J.: 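Have a look at the structure that comes next, please.
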There are 2 protein chains.
Amino acid sequence: MPGMARAAATADAFNAVAEPRRREILDLLVTGERPVNDLVGALELGQPQVSKHLRVLREVGLVEVRERGRQRMYRINGRPLEQIHDWVGGFERTWNERFDALEGVLEELKTEEEDNADD
Amino acid sequence: MPGMARAAATADAFNAVAEPRRREILDLLVTGERPVNDLVGALELGQPQVSKHLRVLREVGLVEVRERGRQRMYRINGRPLEQIHDWVGGFERTWNERFDALEGVLEELKTEEEDNADD
DNA sequence: TTGACACATACCGGTATCGGTATATAATGC
DNA sequence: GCATTATATACCGATACCGGTATGTGTCAA
């Protein structure tokens, strides 16, 4: 059975945030809740597109909505970002120079151990 | 001109890391360099698929290769992850309870200001 | 040199994704 | 009620993406 469906898709925060426009939206919402048209004005993008991006963000729990008259006020809920922060944080030593140095030392220790394999 | 191409695609770390398999690969490489077949064994995925994911990771600079005989030893270079860490870090107060509390205080101050709008 | 091994690449099919346009829905104002 | 505003949704076309299979390329070993 070739070409089968792959695992979900835009179902998690990683994917939601992979899209630059959605990151822009979150950047805009970080200062507080905003109606859709506000975002449409700020981004250079049509209203339906913004609504669709907001839908994705909503589905992964990154934004929440509140109705105010005929507008929908969107606000951030960053909790799903914690997962990303944690995962990426686990790789800190792979970009941090100080940790790189530490790794060098550990490598040396390992080499010494191998050299003294006869004790 | 409808249906035009969208901005690049798998061209940055955000996108590279949005794919679960590629995160698994990085998780496996965090302990040290490994040849491709090692990864194929660890993941439940064909060798060509792993090679293609490694290519994406290579293109965004998240892994580097070293030739050893007929194998290619892949290792992590986490530097591109720093960008993600920084961006996500900017939203910490949107998931952290302590910051939530702080925000509550700020909100109160703002309200008080509005109340004293006559001084 | 021939064969096995390790890996990369090309191609295919199915689906997801994105922006764009048109339309539906719902609230507001006259 | 009717027009307007604010937003969501449906549909479309183009493309990107992912896994699978087949094949290419380079390296080692007999």
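Everything numeric here is computed off the predicted structure, so don't read it as measured data. Hydrogens, waters and symmetry mates play no part in the numbers below; they use all other heavy atoms, side chains included. Sequence lines set the chain letters: A, B, ... in the order given, protein chains first and strands last, and positions in each chain run from 1.
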J.: Short question: side chain of R23(A), backbone of V17(A) - any donor-acceptor pair under 3.5 Å?
T.: yes
J.: If you assign P35(B) and K52(B) each to the DNA chain C nucleotide with the nearest heavy atom, which residue ends up on the more 5' nucleotide?
T.: P35(B)
J.: E67(A) or G46(A): which one's nearest nucleotide on DNA chain C is closer to the 5' end?
T.: G46(A)
J.: Only one of W95(A), F91(A), W87(A) clears ring-ring contact (aromatic ring centres under 6.0 Å, His included) with H85(B); which?
T.: W95(A)
J.: Would you mind reporting whether Q47(A) and S51(A) have side-chain heavy atoms less than 4.5 Å apart?
T.: yes
J.: Establish, with yes or no, whether the OP1 or OP2 oxygen of dG19(C) is under 4.0 angstrom from a side-chain nitrogen or oxygen of H53(A).
T.: yes
J.: In whole angstroms, how far is the P atom of dG19(D) from the CG atom of L39(B)?
T.: 14 Å
J.: Taking 4.0 Å as the cut-off, does a side-chain nitrogen or oxygen of R55(A) come that near to OP1 or OP2 on dA8(D)?
T.: no
J.: Check whether any side-chain N or O of R72(A) sits under 4.0 Å from OP1 or OP2 of dA26(C), and answer yes or no.
T.: no
J.: Taking atom P of dA8(C) as reference, at what distance in whole Å does atom CG of L57(B) sit?
T.: 12 Å
J.: Keeping R93(A) on the side-chain end and V30(B) on the backbone end, is there a donor-acceptor pair under 3.5 Å?
T.: yes
J.: In whole angstroms, how far is the P atom of dT23(C) from the CD atom of Q49(A)?
T.: 16 Å
J.: Quickly work out the L45(A) CG to dG20(C) C1' distance and round it to whole Å.
T.: 10 Å
J.: Roughly, in whole Å, what's the span from CD1 in I25(A) to C1' in dC18(C)?
T.: 13 Å
J.: Give the nucleotide from the list dC5(C), dC7(C), dA8(D) with an atom nearest to the side chain of S51(B).
T.: dC7(C)
J.: Does OP1 or OP2 of dG19(D) have a side-chain N or O of R21(B) closer than 4.0 Å?
T.: yes
J.: Give a yes/no on whether any side-chain N or O of R68(B) is located under 4.0 angstrom from OP1 or OP2 of dT27(D).
T.: no
J.: Quick one: Q71(A) CD to dT28(C) C1', roughly how many Å, whole number?
T.: 11 Å
J.: Dot-bracket, 5' to 3', for DNA chain D please: Watson-Crick or G-U pairs under 3.5 Å, [ ] where pairs cross earlier ones, | where the partner sits on another strand, dots elsewhere.
T.: ||||||||||||||||||||||||||||||
J.: Find out if a path of hydrophobic residues (ILVMFWY) with successive side-chain heavy-atom gaps under 4.5 Å connects M73(B) to L54(B).
T.: no
J.: Look at the side-chain N and O atoms of N37(B) and state whether any lies under 4.0 Å from the OP1 or OP2 oxygen of dC5(C).
T.: no
J.: Mind calculating the distance between CD (E59(A)) and C1' (dA8(D)) to the nearest angstrom?
T.: 13 Å
J.: Could you tell me whether the side chain of Q47(B) has a donor or acceptor atom within less than 3.5 Å of a complementary atom in the base of dA8(C)?
T.: yes
J.: List the atom of L62(B), the atom of A16(B), and the distance in Å for their closest heavy-atom pair.
T.: CD1-CB, 4.1 Å
J.: What heavy-atom pair brings R58(A) and V63(A) nearest, and what distance separates the two atoms?
T.: N-CG2, 3.6 Å
J.: Report yes if at least one side-chain N or O of Y74(B) is closer than 4.0 Å to OP1 or OP2 of dA6(C); otherwise report no.
T.: no
J.: Expressed as a whole number of angstroms, how long is the span from E19(B):CD to dA16(D):C1'?
T.: 13 Å
J.: Please work out if P48(A) contacts a base, only the sugar-phosphate, or nothing of the nucleic acid, heavy-atom cut-off 4.0 Å.
T.: base
J.: Please determine which of L45(A), L39(A), V50(A), L26(A) meets the side chain to side chain contact (heavy atoms under 4.5 Å, CB included) test together with R21(A).
T.: L45(A)
